[in-house]
Structures are given as structure tokens and as C-alpha cells.
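Keep in mind the model is a prediction, meaning the values are calculated, not measured. In what follows, chains carry the letters A, B, and so on, assigned in the order in which the sequence lines appear, proteins first and then strands, with residues in each chain numbered from 1.
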Amino acid sequence: MRSIRFGYGISKPRAIDIDSNDLRKSNEILREMPELQTCIGCGSCTASCTAGNLTQFNFRRVHTLVRRGEYMGAYEEMNKCMLCGKCRLVCPRGINTRGLAMLIKRKLGDF
Amino acid sequence: MTFFAPFTLPFIIGAAVMAAVLVAKYTLWTIHLPAEDKRLIRRNMFSAKSLAAVWEVVRESLLHVRIWRVNPMLGYMHSSLALGWFLLIAIGWIETVAYLGWGWVPLQGHVFFKYFMPVNGIAEHKAGFEFAMDLMLTVVLSGVALAWIKRMRSRLMGMRRTTRHVAFDRIALSALWFVFPLRYVAESITCAIYGGGSFLTGTTGKLLGEHLDSATLDALSEPAWWLYSIALGVFFVAMPFSRYMHIFTEIPLIFLRRYKLAPSVEEKSYDNFEVEACSRCGICIDPCQLQADLGIDDVQSVYFLRDRRYNMLKLATANNCLMCGRCQTQCPVGINLNTLRLNSRAKLRNIPNEGRYGYLAGLDRSTGEGRTGYFAGCMTTLTPRTLAAMNAIFEAAGDDVWRADSDGGVCCGRPLMLSGETAAARKMIDYNTGLFRRHGITRLVTSCPICLKVFREQYDLDGIEVLHHSEYICRMIESGRLHVDRSDELYTYHDPCELGRGCDIYDEPRRAIEAVGRLAEPEHNRRNSLCCGASLANTVIDDKQQRRIAQRMAAELEATGAGTIVTACPLCHKSIERVADCGTMDLAEVVAKNILRDKR
Amino acid sequence: MKRASWQEYQKDIADDKYYYARSCIRQNFFPGSERAFLDILRGDLGRDVMDDPIHTSCTGIGYHSDVVPLETIMTVVARQFALMGEAGYENFISSCITSFGIYTEILSTWEEFPETEERTREYLYKATGRELVKPRSLAHTSDIVFHFRDEIARKAKRKLVNVYTGRPLRVVEHIGCHYAKIFPKSGIGGSEFPYVLAGMIESWGGEVVDYPERRHCCGFGFRNYLVQANRGYSIANSQKKLESMSPYKPDFIVGNCPGCSMFLDRWQYAIAEMEGTTYGADGQGIPVLTYEEMAGLVLGYDPWELGMQMHQVDVEPLLDKMGVEYDPAAKYLGRDGRYIGKPERAAVNNGCQRAIYDIKL
Amino acid sequence: MKRRVVIVGGGAAGMATALGLESRGVEPVIVERDTEMGGKVRNWHKLFPTFTPASEILDPLRRSIAERNIECRTGVAVETVASDGVTLAGGERMAADAVVMATGFTLFDARRKQEYGYGIYDNVVTSADLEQMMNSGRVRLADGSMPRRIAILHCVGSRDEKVCQSHCSKVCCITGVKQAIELKKMFPEADVFNFYMDIRMFGPGYEELYREAQQSYNIHFVRGRISEASPMINGRIQIKAEDTLTGRPLKMSIDMLVLMVGMRANDDNGLLAASASLDVAPNGFMQSRDPFTGAVRSPREGIFYAGAVTAPKSLADTLAEAALAADAVVDYLNRTQR
């Protein structure tokens, strides 16, 4: 391959392409925490989020994207979480959200 | 006399291996101590602290006073084994000296004295020594018998559960169980042949002599001593790798602790002394609510320390703990179980990421002005009745308050700390410290015990007095700045783990409640109070499990007959409110409800 | 996949006497195709086509890029129609899909808003002194080829068949968005199942490939391409199509839009250079043909006469498959027989490492 | 001799069952804990989805009970049930040939979700409070002014593990829509926002009413659950939620917050069930024999259910079930007579 400077790159598609996404990590996460599937996306976690009050962090969005196999940036986003545990107190489905935050970081991080 | 017989070899080898391993371990651990710890040792070594340590060694390593307090039956078992064995050795040594003078006698000479000198000439002391030795052997054998019973039927010993062990433990345990019965048999046979012995070995020896001819006895004697020696040898080799390492390790630990060494949020060499001082007695299993309420029985401190010691600790085990501290209050060795677990989590999880929490820079959402700062805590925003009550109390007390997080603050860092993300927690700590300093407060009140604990332990807040709101309220009432009306209402109080065991605050909340009503104590209270189950320290158990723990604990509170359950932690509040049929209130609400306004 | 629904969207196509409007892009990138169209219609089919040297660009690209106002383009279009009238024709055919879309849109606008037509007449007269004559029929040149597809098939020298295996060639057809997505009735088969190219392919013995992204835009998108920084979006759309069609192992792509044909061809080069990915057999790109080139090959034209040396993706493997005789040495000879030079070797023609052609469906 | 059936509970279900039994020659006796007959519907203003005044349903029921001289024991609670009668508080025994439990439900206590500020801030009301305010003819803010912006929060005490109420209360979605329209009619200038997790419009005319609320009344629907409400300096309430469809947190100040409180199982279910060895479902409601043909039968012969005692139900479903219960009782009595 020659290196030609085109001045632009190929934009990544915006669509969530389940076919080409690698769902291995996502499946691992769901296996360790099956209750995550019970999320009904009410947004209570995001609304009560201490970190979300100060920055763009959206817990519901991050874990939903991770479940779809969209890991890009999820680890970095997840690191904005302060683990304060408010979300766990409000989740109507009783999901172990703090455990989930740690699980996502563990699965997608470098350790 | 050479004091040598081939059967002593297993003992000699075993003792040598044990001594070598012990010396190697302690030396390495000491060398690797951080400089600060070494400085502490040097400073305190030649002080009264060493004497105090000696006394504690006697009390704890020999007498096991703390275990006696928790469970007398277990106490007897431990001290009969420890003190009994110690005295067997000590008296045996004196006996040797008494007979042979101060000349050098090899180790096996002391231990197998009976074999080498079954008959000797100094008759005047003989009966006394024989009696003392038999008495001690009886004591030890009774301890061994109890140990057997404990293994078979732990409930008879007042324990619901006993510990499951690793292979080294089983080897050492089996050897230990046989050491004293074998000694008893060997000495009895020798007595049968040569006479002597007292009420135990002497009597048994006589019986044997009556029933067996001397040829049989001669044939049995040597194998019996062999077996005794082998049992000792096996035990000694296994010991440094088994839980019996605690026998010796407790001694340096007591000294180091007296020298003010303590584990911290980072693992360090000192932790080895604490980890290996665990005798795996299993006393920590019963108080654990994960065990009692949920039947989880492989994560308790004893298993945690075991796994950590053998390098097989899994994150799931380290994480599955409420860190309520109930086990720590009962640990006979006084191991800092919570801190060790915390630094294990830190080791397994902590990843210093410099890029994290960049968004904190320049943030300040505080409101109001005053010398008193109020940090409600994240969770408290979900208990607005507490917030409203605190507002009323501050107003009634006439305090101007600067509110650190009325519009959503930054977490105190304790939750991250509990999850082992120490470096990340440090960022919150630095941020909040800066915030408090910038606003020049002299007093910081928080409604969340979780925050309180980290403020007191990890924040550098010199010049700022950190108070939990229960302390603040109590002080305001007692200093006459807050006037309250006392009613006949009956309350019961739940000690939050982080407030009670965590920060040693038991009396202030009670005094505050008693200023406005009557107080009924639940079955478990103060240092023994139950955890609400919602602890931030545990990220493993699920919602249903949390609920079950809360139900058990709330049932106890409701059993007091009180109309209202009072607590002083938003997290406890939420988890009790969820399951209790009677009302749940924060301490602040109870007091605010009874403020007398006109008296001001 | 055979569908009958295309018959619901039919339109009247004139049989003879066409006024031909050329395409700006094609004159630059596929000049042989427009030539071939005239040759086929005049020579093979004996029809009358007026190729007027004084007509201009329709200014559609400028219009879609917001640099040409509506009034301006209407006047320009009115002039084209006026020229047709002056030449004595009434069947307007356009070589460009963008232009075709523009003509359709403007005729429809005049229909719906007569005042705009009136104003345009006025502007046209003031500017040029010409009179607007609205065409009786408007068609794209692919419609014309479609119209004569059976006649061409009868005169065919060869079919769209692999001469080695005897199987029909697998052809991806790509219809320009402005052909029928704006006014579905303006295209044969409508916007969902356009039949214009598929009809030719089927008539000439090939097999149409139906793949998931068949209806997706090639990514040209005017502004998306014209601003360099936005080209990543443009190329991503082509890539999406290529990734989607590749597992079907198409032998070639045929397009009826100047932009699409160019981009599907040229982006294969760019993708191969950027990521090392190609989409055809043996690590090569997939050849992209215009419908005139396809018709020309069927009718036995020389590929170099058709201008197929102008393609980025080499067409030789396809020519071999079709059994077309050609002189490899003549590829880069100019019309005067002199060597005109040859492009540098490109990854898309050298055989790439990462080919997704062999993915199993 | 006429056979006698004790009906526990004098709400809509109990009264309708009594009328059904009476018309078939059975002698019903209603025992009502409250001093007045009518149950929860008494406090309701208008009914979804038709805006029929609740009194239009309740008054004819009560009138018929009086006209037909059906015995009603009010102001007395039932302590135990059995297939041959009930024991009242105080120990009185009432013998019967069959017993129908029509004890209905308990309204969720919104104070248990203190993050919504019910009982803490002015102008946080429950759906039941709002009905009573409408009954009294005056819906105003605490300071007497008219609300300019109102938020209605669905699923308070329903589908929420955190208050141990995991079931869907079924009627709150449509009630939320109904009350939104009523509020909008009262305060045409006000903006009404419904915050929901899911909108479940299962009944006839419900979806249509939902559509009407959106189209004709311009009621805003935000998909997200409010996480907390806090007071503002000007006396309004600030609420926080995530607008999940845009994926962004949402904050707004409102004048009034209406909490759609759910239906809990009746608090007495546990004791009554224990007295007759009946089953209680995991959500606390009484367990029917089966959900298809045995919906009004308990697992024990001679004890029947009608209405919301077995699950959250709308008034329409309750009345239909009362007729079914009367049928089942008569059928049982005929069988046991033989």
C-alpha cells in the first residue's frame, strides 16, 4: 500500500451493525450479570447520576451501547462514573448498577 | 549422653525445616517493610510499648482472652492447646534442667526426655514433675478432644459454621490431632516398662503392664516413639504453610501493632503479619450476614485471608463483602479485616488513569455562606425529608451554612475507595478538600456516614472539624442552642455500619433521640448492630439478596415495638424504608419534628 | 429476483427523433459512452438523434450545491428546451441523471406553479430572445436503450454470459437517485424496483444481483463530495454498498448515472489505497460499466473504442470472461495510434490482501 | 330457606356481586369496614376513558342495594374467612353458605418514594388527591394560584423493585392520560408533561384517548422516569429525569407534580388468607384458582373473589368480574344443594 494523502478518511457508519459487531464481550457481561437484560430503559440511573450532573456521562446510554456490541469509548465514558451508588437506589428493576459499572470497566479496560 | 535415637530424626528434621522457614519468612517481611514502618519500629522498640506487647502476648497467644470473651468453649479449646503445650515444653525444660543441671541438652533430649531418661535418681521432685506433665497433657488432650468435636459438630461449640481448610491445613491438623494422643501412648508404654508417670501416663502404664507381657511392650515402645516423632515432624514441616503459622506470627504481630504499624489502602509487607496471623478459627463466619441471611459461605474474612495468603484470591471473593465490620469486632487476633480487604481490592482493580475526572476542574456548585459547611452526600438527595430537616435544624440553631452540594456535588470518594479504585478516589478527595478550603469553613457537617468516614480518615482537613449530623445535633441540643420538646413516642435506632463500627459514633444519636422521645434497643445494637445490606462495599449481591438482609434486620428493629425506626444514614434509611411496615425516619427528621421554636 | 411491479410504473418513450442533452461529468470521464450511444442509435438502430453543439450544462451540480438559484436554473433549462424547439425536435433525452432529475423537477414545478413558468419565459426571452417550447416527452438515455433492449438483443454479437462456464454473468445494477427517487413515476419501475437497467441485463442474458444495499445511494451527494473534508462520508456510502454486494460475487457493476458510475469505480481505488480492501475476484476491484458500454460490448464494439481504458478498475478480466477479443497493447494508444502513457499501478488492480469477496453467506 | 352469602367489602365489586346474587334468589350480606359503602370509587371524580362521573356508576349501585333491602354491615372489619362464614372484629360469627372476597386493593403510599417529595413539598399530589380536589371543585396550588406547568409521573409504586412492588398497576397509564386532559381543560394555558416508562393502553378507547391527549390537548409525553424532585427558591419544584429518547438528562421547573400511585395488594390479604389457608401471589394479591376459567374462584370451595382483590383492575373489569362471581356462587350453591 502506498501512502497517499487523501485529506479525508472513510467515515465510520453510524448504524449499529449487529452483524459485524463483536458481541463476545457483551455476552460475557450479560452472562455475569443477567439482570442487565431486565433494564426497561426508564433513565432513572442517568437522571439521578452524580457524575451525569456534572458532565455528559449517560450511564443508560453507555450500558445499552455496550450490550449492542458498541464498545468504542465506553470504557472512557464509564470512567467518568464516581461509583456513588445513587443509581442503584433508584433502579426500579433492582439492577446492580454499581457492579455493572465495575464490570464494564473490567471487561473493556486494560486490566 | 548423646540423646540420640533414630526415631528422633523426623522430629529433628521437621523442627529444622520449620525454624528455617520461619526465620526466612519473618526476615523477608521485615526487610520489605516500608521505610516509614521501619522508622516506627526503631522509635518504639525500646519503650514501654514492648513491655505492653509482652503482656499482650501472654494474654492473647497463650491465654486467648479475647476468644474467651466471644465464646468460652472456644476460648478453653484454644488456651488448653496453646497454654497446655507451652507449659508442657516449659515444664519439660525445667525438668531436664532439674535432672541434668544447666548443661547443654539437644532439643530432642528435652522433647523425648521420658524416652531417654525413663528412670532417674532425683526422687524428691519426680512425683511433682510427673504430675505436672500429666496434668498438662490431660489439658492438651481435652483441647484436642474439643477440636475433634468442633470439626464434627460445630454447633456443640456454639458455632453455626466452622472453616473449610486447604490441603496443608488438613495435613497439619491431622498431625496435630495425633501428636498428643501418640505422646500419651508412647509415654504410657515407657511407664509400663520402667514405671513412673503420674495419674495419666502412670495409671495407663500400670494397666498396660498388667495386661501385656514385657516382650510385647518392648516391641511396642520403639514404634510408638517413632510415630510420635513423625507426627511432630510432619506438623512442623506443614506448620509454616498452614494456618498454624498463626501460633508464632501472632507474637511479632502484637509487637508491631504496639509499635503503631497498621495496614493501609495500599498492600504492604506488614500485611503478611496480619494475614498469616489468622488462625482460621472461623469466628468471623457466624456474624457475617451474607452467611446467616443468604447462605453465602465462601467469602468471609477467613476465606478471604486464606485465598489471599495462597495467592488464589479472586476479585469476586474480595468484592463480595458488605464491609460492615461485624467480623472485625469479633476477630480474636484483631486483624484489620476491612483494611486488608480494601487493599486487596485496590491491588486487583486500581488503575491510575490520569485522564479520569478531568471534568472536575474548576467546578464549584456550592451555595450560601458560613463557617459551617454542610455536605449532604449524594444519597441524601434521595431522602429530601432529611434535607428539609437539616435546613430546619440549622435555622433553629442559628447557624449560617455553606452548602457544598445543594446543586449536586462531587462524590466524597469513599465508594471508589471501597471498590479499590484508590487513585481515582484521590481525585475526588483532592477536589473536595480544595473546595472546603476555598470556602474557609471551620466545621463540616455531613448527613452521610459514608462520607464522614472518608473525611475523617483520608482527607487532610486540619482546622476543619468534621461532624456527622448526629454529633452536630446532639451538641446543639446539649449546648442549649437547639430547644426540643420531649414526647412519649417510642423510637428504635439502627446503627449504620459506617457510623458505628466505622467511626465509633454510638452515643450521640442515642442522646439526640432520647432528648425528643424514648428509645428501645434492638437485639443487635452498637458494635453488634446488623448491616442493612445495601452497603456500597458489596457489588456482588443482587437486589433480592440485599432485600433479604434488610428484611431480617428490619424485623429485629420492628420487634422492639417502636412506632418509628430511626437511623442516621441515607442508604440505611432507604433500605429499611423499603421493607419496614412501620415508619422510617432520619435522626434529623425526628429532632426537627420536635424543635421548640418560641424558646429561642 | 423477478418482479412484476416494475410494470406499474411505465412511461411513454418516444420511438424516434430525439434531442440529445449531454452530461458534464460523462464528457470528461466516460466520453466514449456518449459517443457509443449516438453510434448505437444512429448506426445500429437507425434513429434520428440531434446532438446540438450549442446546448449547455443544466447547472444541476451548482443548483444542488446551492450556488445556482432556482430562477437561474429554470432559465437555463428553458433555453435547452428552446434550442430543441428551434431544431424541430420534441423528444428531449438527457444523458445525465442529475439533469434528468432537474428537467423532471422543473417541468413539474411549472405544472404546479404556472407563474414560475411564466416568469421563466420572460427571463429567457429577455436574456436570449428565445421562446420556450416544452418537450412532448422527456426521457433519460438509459430509458431509450431500455426501450430498444430487445432490438439490441436481436442484433447482439455476444451475450452477458461467462464463456468459460456458460453461466449468465452476475450484474449489479445501480440506479442514480435522481432517476426516480424524486418522482417515482419518472422512472421505469418506479423508485423501489427500477427496471431500466435490470431489463437490459435480463434481455441480454445476464443475471441481476439483488443485494441488501441495492437501493442505497453511491454517496456522491454533491456537497458531500465537493467539500474535501466531507468526502469521508461520501466514500463510506460507496463502501457500504460494495461491502454489501461483494459476497454475491458480481462480475461487474452497471450504472445509469454519471456520478454513480464514476464514484463506484474511483472509490474502489481510494478504499484499496486507504485500507487495502478490494471487493472483486482475485483481490481485484469490481469493474464498473455504463449501460452504453454494456450495450456496446453486446453489439460487438471494441472496448477501447468504447473508452473502457478510462476506467480505474481494469476491465480486462471481464472482457476475458465475456469472450471479447481485444488488443491488450492497444489499450493506451490514442486515436492517432500514438502511445498516450499509462497510469501508475494501483492496489485495486494489483490484487489485494484483504478481499471480502470470499465471505460465505 | 334462602341461602346466605357473605360478601366481604362494600365497594363496586361487592355491591355488584350482591345485586347479582339477590336477583337469583340468594340472600347476600355485605360487610364493609368503612362506615360508608362505595369503596375507592367514592373518591373518584370521573372515569376513564369516557369522563363519566364516578357517581353515575356508583349511585345506581347504592340505590339498588337500598331498594332491594340487601343487608349491609358497615363500620366493621372481617377478621377471618372460611367457606361457611366469617368472623367479625369483636368475635361475632356470621354463618353463610359461601363467602365472596371483594376486598379490593390498597393505594400505594407515595411517601415511601420520598425522592418525589410527597408530604414534603407543597404541590406534590397523588392521582387520588387530584381526584378529590376535582371532586371538591377546586384545583389550585397551595398558594391559591393556578399552575402553569404540571408534570404527571407514571408508575409510582408500580413496577418498582425498590418499594417491593414489581407488578404493573394497569390503570395508571390511562388515568395519567385522563387527568392530563382534565388538567388541560381546567388550565388551558398550562403545559402538561407526562413522564412514563412505557405507555400501556390496553383497553377499548384507551389508545384513542392517548392520541387525543397528544393531538387535541397538546400534552407532552416524555419517555423517562423522574428520579428526584427538589424545591426551588421561588417555591416551584425542580424535577430531574432522563429524556431517554434523546439520551440526555432533562431538568425542568414545575408548579405541580402529580404522582400516579399504583395499586398494592390489600394490606389485610395476608391475615385473611392465613385464616382460610388461601394462597397469596408473590405480589401480595390473592391467587385465583387459575387465571382463565377460575379467575373468581379461590382454591378452596365456597370462597370466591371479585374485583381488584386478585389483581389491579379497572372499574369496568371489576364490574364484569362481579357478575362472573355471582354466577360462580350460584353455580356452587346449586351443586352443594343436591
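- Dense packing is recorded around CZ of D/Arg149, with more than 12 heavy atoms of other residues, nucleotides or ligands lying under 6.0 Å away.
- Residues of residues 150-163 of chain D that come within less than 4.5 angstrom of chain A, heavy atom to heavy atom, are D/Arg159, D/Asp160, D/Glu161, D/Lys162 in numerical order.
- Heavy atoms of D/Gln165 lying under 4.5 Å from chain A are absent altogether.
- Of the inter-residue distances, the one linking D/Leu250 atom CG with A/Thr46 atom OG1 reads 12.0 Å to the nearest 0.5 angstrom.
- Within a 6.0 Å radius of CD1 in D/Ile233, no more than 12 heavy atoms belonging to other residues, nucleotides or ligands are found.
- Between D/Arg248 and A/Asn58 the shortest side-chain heavy-atom distance does not fall below 4.5 Å.
- Using a 4.5 Å cut-off between heavy atoms, A/Cys91 contacts chain D through both its backbone and its side chain.
- Annotation: maximal heavy-atom pairing with chain D below 4.5 Å, among A/Arg60, A/Arg93, A/Arg61, occurs at A/Arg60.
- Of all residues spanning residues 198-228 of chain D, those with a heavy atom less than 4.5 Å away from chain A's heavy atoms are D/Arg223, D/Gly224, D/Arg225, D/Ser227, D/Glu228, arranged by number.
- Contact tally against chain A (heavy-atom pairs below 4.5 Å) for D/Gly247, D/Ser166, D/Pro249: the top residue is D/Gly247.
- Rounded to the nearest 0.5 angstrom, A/Cys49 SG and D/Glu242 CD are separated by 10.0 Å.
- Rounding to the nearest 0.5 angstrom, the gap separating the CE atom in D/Met197 from the OG atom in A/Ser44 is 7.0 Å.
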